[in-house]
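Taking it in order: structure first as structure tokens, then the write-up.
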Protein chains: 2
Amino acid sequence: MPPARHDRHSVIACALRLLDEVGLPDLSMRRLSTELDVQPSALYWHFPNKQALLAGVADRILEAVPEPDSSAAPADVAHAIRDALLTYRDGAEVVMSSYALRLGAARAQRALAASLAPVSPVQEDAARTPLADAVFEFILGHATLLQQRMHAQSIGAVEADAEDPAALATEVFESGIRAMTGLRAVRPPA
Amino acid sequence: MPPARHDRHSVIACALRLLDEVGLPDLSMRRLSTELDVQPSALYWHFPNKQALLAGVADRILEAVPEPDSSAAPADVAHAIRDALLTYRDGAEVVMSSYALRLGAARAQRALAASLAPVSPVQEDAARTPLADAVFEFILGHATLLQQRMHAQSIGAVEADAEDPAALATEVFESGIRAMTGLRAVRPPA
DNA sequence: ACCTGAACACCGTTCAAGT
DNA sequence: ACCTGAACACCGTTCAAGT
């Protein structure tokens with residue numbers, strides 16, 4: 001039987017599926033290689049190291065975020081990013097570790113910056129701004145903590161909140177986003 | 001020669017020092033045990049697992065944050081928390097992983113909530129509020145990303161920003177904190 | 001009370017060699 | 001181009017046993 005054949009795309013797809021099934025702590029190169037019916041060392045033909053593979057996974061997770069659009073409401077863009085991060089187990093932590101290397105999040109960041117920029121139709125593709133970066137950092141921190149908490153609860157490591165934890169988290173998210181983007185919902189005076 | 005003698009306090013102190021020297025990825029139970037001149041298994045008499053040890057480290061990192069004080073300005077409290085996280089290498093990530101388990105951050109959270117609460121001197125010790133939680137999540141996300149970026153740069157994994165990265169990060173932090181706490185600087189009308 | 005010694009079940013990564 | 005096979009240098013954790 002010839003060895004299995006793969007490319008970067010199929011490896012990333014498998015890694016994303018495995019991430020969602022077992023979580024980031026159990027997503028090892030060895031486990032992934034078993035899933036792909038391949039020796040661990042085979043993965044290093046496709047990626048220089050695990051970090052690079054995770055950057056590819058992060059990219060895929062954020063592909064669900066709409067293209068930059070200066071007419072989009074900042075709060076909607078923020079929600080789209082949060083939803084994308086929460087779609088896969090530990091998705092936020094994966095994106096966070098890759099974002100530190102400035103990988104995988106460029107599109108999401110530009111989408112935020114565009115929605116937050118003072119509206120001027122000429123420059124559709126706004127550069128990063130301090131506030132847009134801050135909003136993105138808030139979303140990443142929030143979603144990462146939420147997912148870690150969800151895992152801790154499933155393990156029983158922490159007692160569940162009295163109220164629905166997802167609902168509580170959403171309330172926290174809303175109040176943060178409202179504070180950070182609320183002012184920009186109204187076009188600033190010229 | 002009799003084996004070395006330790007308690008939780010001294011183990012945590014050594015772990016914090018080692019964290020600052022080598023960073024979180026290299027802070028292993030085995031390396032810490034070597035530093036303490038003890039077998040790895042000895043650590044498990046003091047702590048049930050690595051996570052519990054890190055929660056102790058997180059606690060220590062946040063001890064630098066002042067007691068809750070409703071007369072403190074929210075922005076000052078936010079800065080005190082950020083400074084505490086940035087004092088030790090990878091401090092933010094350690095606190096983040098413990099905060100998911102609701103460990104180690106209670107005091108910092110109460111300090112934030114107190115400063116953000118509508119001022120009413122009777123209830124000095126404000127409970128958590130959605131906005132206070134959001135601000136704390138922003139600070140953790142921001143500081144974690146900054147420290148990871150600093151490490152990536154020292155490794156050369158990412159090209160340094162043209163301008164001073166610490167100054168850029170501070171500007172991002174300021175604009176986030178201003179947006180989230182600025183409105184509360186003025187007492188809301190009754 | 002606090003630690004040793006030995007083991008179990010894992011990791012990420014490298015590199016020569018195969019096809 | 002893509003993978004195997006074998007190795008290197010590590011992990012966290014458990015548990016009987018020592019003092």
Side-chain angles (χ1 to χ4, degrees), chain A residues 1-16 18-19 21-58 90 93-94 97-98 100-101 103 148 151-152 155-157, chain B residues 1-16 18-19 21-58 90 93-94 97-98 100-101 103 148 151-152 155-157:
Chain A
M1 187 161 71
R5 297 267 134 166
H6 303 286
D7 56 10
R8 291 177 48 97
H9 187 272
S10 65
V11 172
I12 289 173
C14 184
L16 184 54
L18 192 57
L19 172 72
E21 277 175 27
V22 305
L24 186 56
D26 288 333
L27 176 57
S28 66
M29 296 298 265
R30 288 168 183 271
R31 179 140 186 192
L32 176 59
S33 74
T34 300
E35 208 80 5
L36 289 166
D37 211 35
V38 119
Q39 295 296 315
S41 50
L43 298 176
Y44 290 85
W45 197 91
H46 300 287
F47 301 91
N49 50 50
K50 188 180 184 180
Q51 188 70 251
L53 199 172
L54 289 180
V57 173
D90 292 340
E93 196 170 344
V94 170
S97 70
S98 301
L101 304 174
L103 296 174
Q148 284 180 359
H151 179 249
I155 292 303
Chain B
M1 187 164 70
R5 297 268 133 166
H6 302 287
D7 55 11
R8 292 177 45 99
H9 187 272
S10 65
V11 172
I12 288 174
C14 183
L16 184 55
L18 191 57
L19 172 72
E21 276 175 28
V22 304
L24 186 55
D26 288 333
L27 176 58
S28 66
M29 296 298 266
R30 287 168 183 272
R31 179 139 186 193
L32 176 59
S33 75
T34 299
E35 209 78 6
L36 290 165
D37 212 35
V38 120
Q39 294 297 312
S41 50
L43 299 175
Y44 290 85
W45 197 91
H46 300 287
F47 301 91
N49 50 50
K50 188 180 182 177
Q51 188 70 252
L53 199 171
L54 289 180
V57 174
D90 292 339
E93 195 170 344
V94 170
S97 71
S98 302
L101 304 173
L103 295 174
Q148 283 180 0
H151 179 248
I155 293 303

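Per chain, numbering begins at 1; letters A, B, ... match sequence-line order.
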Determine whether a donor-acceptor pair (N or O, by modelled atom type, separation under 3.5 Å) exists between the side chain of A:His46 and the backbone of A:Val11. no
Letter by letter from the 5' end, nucleotides 12-19 of chain D scores (B base, S sugar-phosphate only, - none; protein heavy atoms under 4.0 Å) BBBB----
For DNA chain D, the expected dot-bracket line (Watson-Crick or G-U under 3.5 Å, [ ] crossing, | inter-strand) is ||.|||||...|||||.||
What is the distance, to the nearest angstrom, from the CG atom on A:Leu43 to the C1' atom on D:dA1? 16 Å
C1' atoms of C:dC11 and D:dC8, separation to the nearest Å: 12 Å
Measure CZ/B:Phe47 against P/C:dC3 and give the value in whole Å, please. 11 Å
For atom P, what is the distance between D:dA9 and C:dC10, given to the nearest Å? 22 Å
Roughly how far apart are B:Trp45 CH2 and B:Arg8 CZ, rounded to 0.5 Å? 10.5 Å
Less than 4.5 Å apart, any side-chain heavy atom of A:Glu21 and any of A:Leu18? yes
Could you pull out the closest heavy-atom pair between A:Val94 and A:Leu54, with the gap in Å? CG1-O, 3.7 Å
Pair B:Leu43-B:Leu36, side chain to side chain contact (heavy atoms under 4.5 Å, CB included): steps then yes or no: CA-CA 10 Å; B:Leu43 299 175; B:Leu36 290 165; 3.8 Å; yes
Is it true that a side-chain atom of B:Asp37 and a backbone atom of B:Ala4 form a donor plus acceptor pair closer than 3.5 Å? no
Tell me the interatomic distance from A:Trp45, atom CH2, to D:dC2, atom C1', rounded to whole angstroms. 6 Å
Looking only at atom types and distance, does a side-chain atom of B:Asn49 sit under 3.5 Å from a main-chain N or O of B:Ala52, one as donor and one as acceptor? yes
Integer-rounded Å distance: D:dC2 C1' and A:Leu36 CG: 13 Å
In this structure, how many angstroms lie between the C1' atom of D:dC11 and the CG atom of B:Asp26, rounded? 12 Å
As a quick check of understanding, evaluate side chain to side chain contact (heavy atoms under 4.5 Å, CB included) for B:Gln51 and B:Ser97, giving each step before the final call. CA-CA 8 Å; B:Gln51 188 70 252; B:Ser97 71; 3.9 Å; yes
Does the side chain of A:His46 get closer than 4.0 angstrom to OP1 or OP2 of D:dC3 through an N or O atom? yes
Determine yes or no for a side-chain-to-main-chain donor-acceptor pair under 3.5 angstrom, with B:Asp90 supplying the side chain and B:Leu24 the backbone. yes
